[in-house]
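Some notes on the structure that comes next.
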Amino acid sequence: MINIKFPDGNVRQFAAGSTAMDIAASISEGLARNVLSATVNGTLTDRNLPITQDATIALHTWRDQQGKETFWHSTAHLMAEALEALYPGIKFGYGPAGENGFFYDVEPPEGQAISSDDFPKIEQKMLELAREKNDYVRQEVSKADALAYFTEKGDEYKVELLQDLEDGTITFYTQGGFTDLCRGPHIPNTGAIKAVKLMKVGGAFWRGNEENKQLTRISGISFPKAKELKEYLEMLEEAKKRDHRKLGKELELFMFSEKVGAGLPMWLPKGHQLRQRLANYLEKKQEAAGYQQVTTPHIGKKDLYVTSGHWAKYGEDSFQPIKTPREGEEFMLKPMNCPHHCEMYKFRPRSYRELPLRLAEFGTVYRYEQTGELHGLSRVRGFTQDDAHIFCTPEQVKGEFLAVVDIVQEVLGMIGFDDVTAQISLRDPETPDKYIGKEENWQIAEQSIIDACKEIDMKTVTAYGEAAFYGPKLDFMVRDALGRSWQLGTVQVDYNLPERFELEYIGPDNEPHRPVMIHRAPFGSMERFTSILIEHTAGKFPLWLAPEQYVLLPISEKFNDYCEELKTKLAAQDIRGLVDDRNETIGRKIRDNELKRIPFLLIVGEKEMEAGGVALRIQGEGDKGTMSLDNFISFFQEQL
RNA sequence: GCCGAUAUAGCUCAGUCUGGUAGAGCAGCUGAUUUGUAAUCAGCUGGUCGGCGGUUCGAAUCCGUCUAUCGGCUCCA
């Protein structure tokens, strides 16, 4: 017998050699039907792989991400099988599952190309093969046999992948007539794949290296039910409608100009108001939490960035130094605020009594992002970080960390994001030379984050290789109204800059000590945050953020003056809005202002003027009937 | 930065393949209308067809180049 421990901590005994499937069956028939794969002792495996020793196990179904990814990975193999049938001689590179579907990088036979026009016939072939209900069969093979197989087949990319693998760890998976080099796991049978949609075709370099040959990447998604595919496609339609680049233009929030330059957003009046309200709200929270607001210039001497280490790391790829009439003098547009804040720390000697010192700045920075990377407001070359640097003692790190997480949770909740995850971003253990700073400091920093995360009330995940080059981070991710996941701000522990800038404080022992620096930005940047907020809300911002909270709609010009009076009264209550006094029908005014996502439309005609009230119409909900102005004001204040 | 595509009125788009100097709807302006819960009617204005260069008797249309945008890739202090 072996002991199997479940995620909830329960331990049960099973016969040695039981599979995840057997274990699922012992829980319920439904689970046995739906289980797709399992994580056994931290490794994702097939559901029918015998377990011979005590283990911890998590069962995966279509409901969780690992289950989905197993399903999609298997679909990638199914697509490969279809492609091989349709394009004999096609060569295969990588074919993994991702967060949202799968792809396969392939090289079509000489002289042939695959375009989106070919998708229907590939999809059809895939479904045809799926209906054969072929099992995915796992097989352990020797390196020599594996090499022989793919050399014979002429799959040079697979042969290359095999070179890096060790004998004894190599497995093949076969379904129907298609065999692939694959670590697995896979779903048991192709029959589960009921709906398939190929989404995109594009280029991708073999192994992500632009020196290598470019392969054709075909990506798609699949589902166990046709209905789920339909819902997914509807979600994509909705996402298109909410695209912040489209809404930004329609709602007149921000713009770009070819003349000003790529990636340099300009906030129009309504966008500026929105951004300012977000910033003011955060600033108030920060002041309450002991932050002090500061302002620093947009440029700094090149030397500042030589000291910080950023020149060596990013100098070549940055906006190049600004020259002055003076020989040899060079300034850089600031790509981050930390060096300025470090100098501010050094303004005078610091005592341990004034730590933690929390310097906050809505600091605008400039980074020369690659041309192909620019994207609306979410990836730009000039942006404003909701930045702050906390200088503290090593003992204070954990407490400061927890306080930052508190602010982030409160602020994001207020703005309407309730599904927040914290990602612990650590070094990639395989590439230690990518990072600067002492090994010892890295270990302390990584450990403080891990320790702090044990105490926070937030979902956490760990990601290796996602750390910044100078320190580990905690990244905040939100799930939006369409279920998409976005990365927002970060908290980063930094032992490196205090070294480089030789920051010190005098401790209770009357000796100098080195402070720790924590970088943090809950939104990340105002630009990126706004882009996510626009897509999350589809432009229907929370009432307190809406640039205009109401529009008064006079039914005819006779009521314009009365509306102006109402506007004054509402302004006295800090309720902001406009009168739509255009010479248009009421139907037209309603339509135009509904499309502008105005939260409340106040319609005023004969009846309302006589009664001294308004007829309320709520955005997206329609007519709510007539009420007095005072009643509207109290209703408004309740909604706020 | 790399691969591929696109750029025509404020917006959304037709015209480009097959060269003969532009068209629609909406927006805007003017007038009529004075409106009761998602588009009132009529008239008018508006474009060196992204910039520069080339081919040609003639270029929105063909070629080159630059800029910007879009979809991927790589990247993201």
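Throughout, protein chains are lettered first and strands after them, A, B, ... in sequence-line order, and every chain is numbered starting at 1.
Applying the Watson-Crick and G-U wobble criteria (two distances, each under 3.5 Å), B:G43 pairs with B:C29. Taking a pair to require two hydrogen-bonding distances under 3.5 Å in either a Watson-Crick or a G-U wobble arrangement, B:U18 remains unpaired. The partner of B:A5 is B:U69, by the rule that a Watson-Crick or G-U pair needs both atom distances under 3.5 Å.
Looking only at distances, a side-chain donor or acceptor of A:H340 sits under 3.5 Å from a matching main-chain atom of A:I299. Judged purely by atom type and a 3.5 angstrom limit, A:Q549 has no side-chain atom pairing as donor or acceptor with the backbone of A:I575.
Rounded to an integer number of Å, the gap from A:L552 CG to B:U35 P is 19 Å. Atom-to-atom, CZ of A:F559 to P of B:U34 comes out at 13 Å; the value is rounded to the nearest Å. Atom CG of A:D475 and atom C1' of B:A77 are 13 Å apart (whole Å). In this entry the distance linking CG of A:N100 with C1' of B:G72 reads 16 Å, nearest Å. Protein atom NZ of A:K259 is 11 Å distant from nucleotide atom P of B:G51, rounded to whole Å. Computed from coordinates, the A:K334 NZ to B:A77 P distance equals 18 Å when rounded to whole Å. Going from atom CZ of A:R582 over to atom P of B:U34 covers 19 Å, rounded to whole Å. A:E466 has its CD atom 12 Å from the C1' atom of B:C75, to the nearest Å.
The side chain of A:M336 has B:A77 as its nearest neighbour among B:A77, B:A38, B:G36. Picking from B:U69, B:G36, B:G71 the nucleotide with the shortest atom distance to the side chain of A:A262 gives B:U69. Taking the side chain of A:K558 as heavy atoms from C-beta on, and the options B:U34, B:U37, B:A77, the nearest nucleotide is B:U34. Proximity note for A:R245 (side chain, C-beta onward) versus B:G71, B:G36, B:A77: the nearest is B:G71. Set against B:G36, B:U69, B:A77, the side chain of A:H310 has B:A77 as its closest nucleotide. Here B:U37 is the nucleotide among B:U37, B:C73, B:A77 with the atom lying nearest to any side-chain atom of A:A615.
Salt-bridge formation is detected for the pair A:D118/A:K121: a Lys NZ or Arg NE/NH1/NH2 atom is positioned less than 4.0 Å from an Asp or Glu carboxylate oxygen. Under the 4.0 Å criterion applied to side-chain N and carboxylate O atoms, A:D105 and A:R217 are assigned as salt-bridge partners.
At a threshold of 4.0 angstrom between heavy atoms, the contacts of A:Q385 with the nucleic acid are absent. At a threshold of 4.0 angstrom between heavy atoms, the contacts of A:E250 with the nucleic acid are absent. A:I590 comes within contact range of at least one nucleobase, with a heavy-atom separation under 4.0 Å. Nucleic acid contact for A:L553: none, since no nucleic acid atom lies under 4.0 Å from a heavy atom of the residue.
At B:A77, none of the side-chain N or O atoms of A:Y470 fall inside 4.0 Å of OP1 or OP2 (strictly under the cut-off). Residue A:H375 places no side-chain N or O under 4.0 Å from the OP1 or OP2 atom of B:C76. For A:K200, a side-chain nitrogen or oxygen approaches OP1 or OP2 of B:G72 to under 4.0 Å.
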- Task: If a protein heavy atom is under 4.0 Å from the base, mark B; if only from the sugar-phosphate, S; if neither, -; do that for nucleotides 1-11 of chain B going 5' to 3'.
- Result: BBS--------

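Annotation: cation-pi geometry not satisfied between A:K302 and A:F331 (NZ/CZ under 6.0 angstrom from ring centroid, within 45° of ring axis).
Straight-line distance between the P atoms of B:C26 and B:C44: roughly 14 Å, to the nearest whole Å. Nucleotides B:G50 and B:A68 have their C1' atoms positioned 8 Å apart, rounded to a whole Å. Spacing of P atoms, B:C3 relative to B:C66, comes out at 12 Å, to the nearest Å. When the P atom is used for both B:G43 and B:U48, the distance is 26 Å, rounded to whole Å. The separation of B:U30 from B:U69, taken at their C1' atoms, amounts to 36 Å, rounded to a whole angstrom. Taking the P atoms as reference points, B:G36 lies 27 Å from B:G25, given to the whole Å. On the C1' atoms, B:C49 is 36 Å away from B:A32, given to the nearest whole Å. Going from the P atom of B:C63 to that of B:U45 covers 35 Å, rounded to whole Å.
Inspection of the A:T296 and A:E361 side chains reveals an N or O donor paired with an N or O acceptor under 3.5 Å.
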- For salt bridge (Lys or Arg N to Asp or Glu O under 4.0 Å), just list the numbers for A:K596 and A:E250, CA-CA rounded to whole Å, side-chain angles, deciding distance to a tenth of an Å, and then say yes or no. CA-CA 8 Å; A:K596 281 158 79 181; A:E250 283 173 15; over 6 Å; no

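Between A:Y550 and A:F600, the distance separating the two ring centers is not shorter than 6.0 angstrom. For A:F523 and A:F383, the gap between ring centers reaches or exceeds 6.0 Å. For A:F319 and A:Y368, the distance between ring centers is under 6.0 angstrom.
Interface remark: the A:R379 side chain does form a donor-acceptor pair with the B:C76 base, using a distance-only criterion of under 3.5 Å.
Heavy-atom neighbours of A:K246 NZ from other residues, nucleotides or ligands within 6.0 Å: above the threshold of 12. Within 6.0 Å of NZ in A:K346 there are more than 12 heavy atoms belonging to other residues, nucleotides or ligands.
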What N/O pairs connect the protein and nucleotides 39-45 of chain B at under 3.5 Å? Give each pair on its own line.
| from | atom 1 | to | atom 2 | distance (Å) |
| --- | --- | --- | --- | --- |
| B:A39 | N7 | A:R591 | NE | 3.3 |
| B:A39 | N7 | A:R591 | NH1 | 3.4 |
| B:A39 | N6 | A:R591 | NH2 | 2.7 |
| B:U40 | OP1 | A:R588 | NH1 | 3.4 |
| B:U40 | OP2 | A:T585 | OG1 | 2.8 |

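A residue-by-residue look at A:E557 and A:D623 shows that A:E557 has its nearest nucleotide of RNA chain B further toward the 5' end.
In terms of the salt bridge (Lys or Arg N to Asp or Glu O under 4.0 Å) criterion, A:K567 has no residue partners (sequence neighbours excluded).
An aromatic stacking contact between A:F469 and the base of B:A77 is absent, as defined here by ring centres under 5.5 Å apart and ring planes under 30° from parallel.
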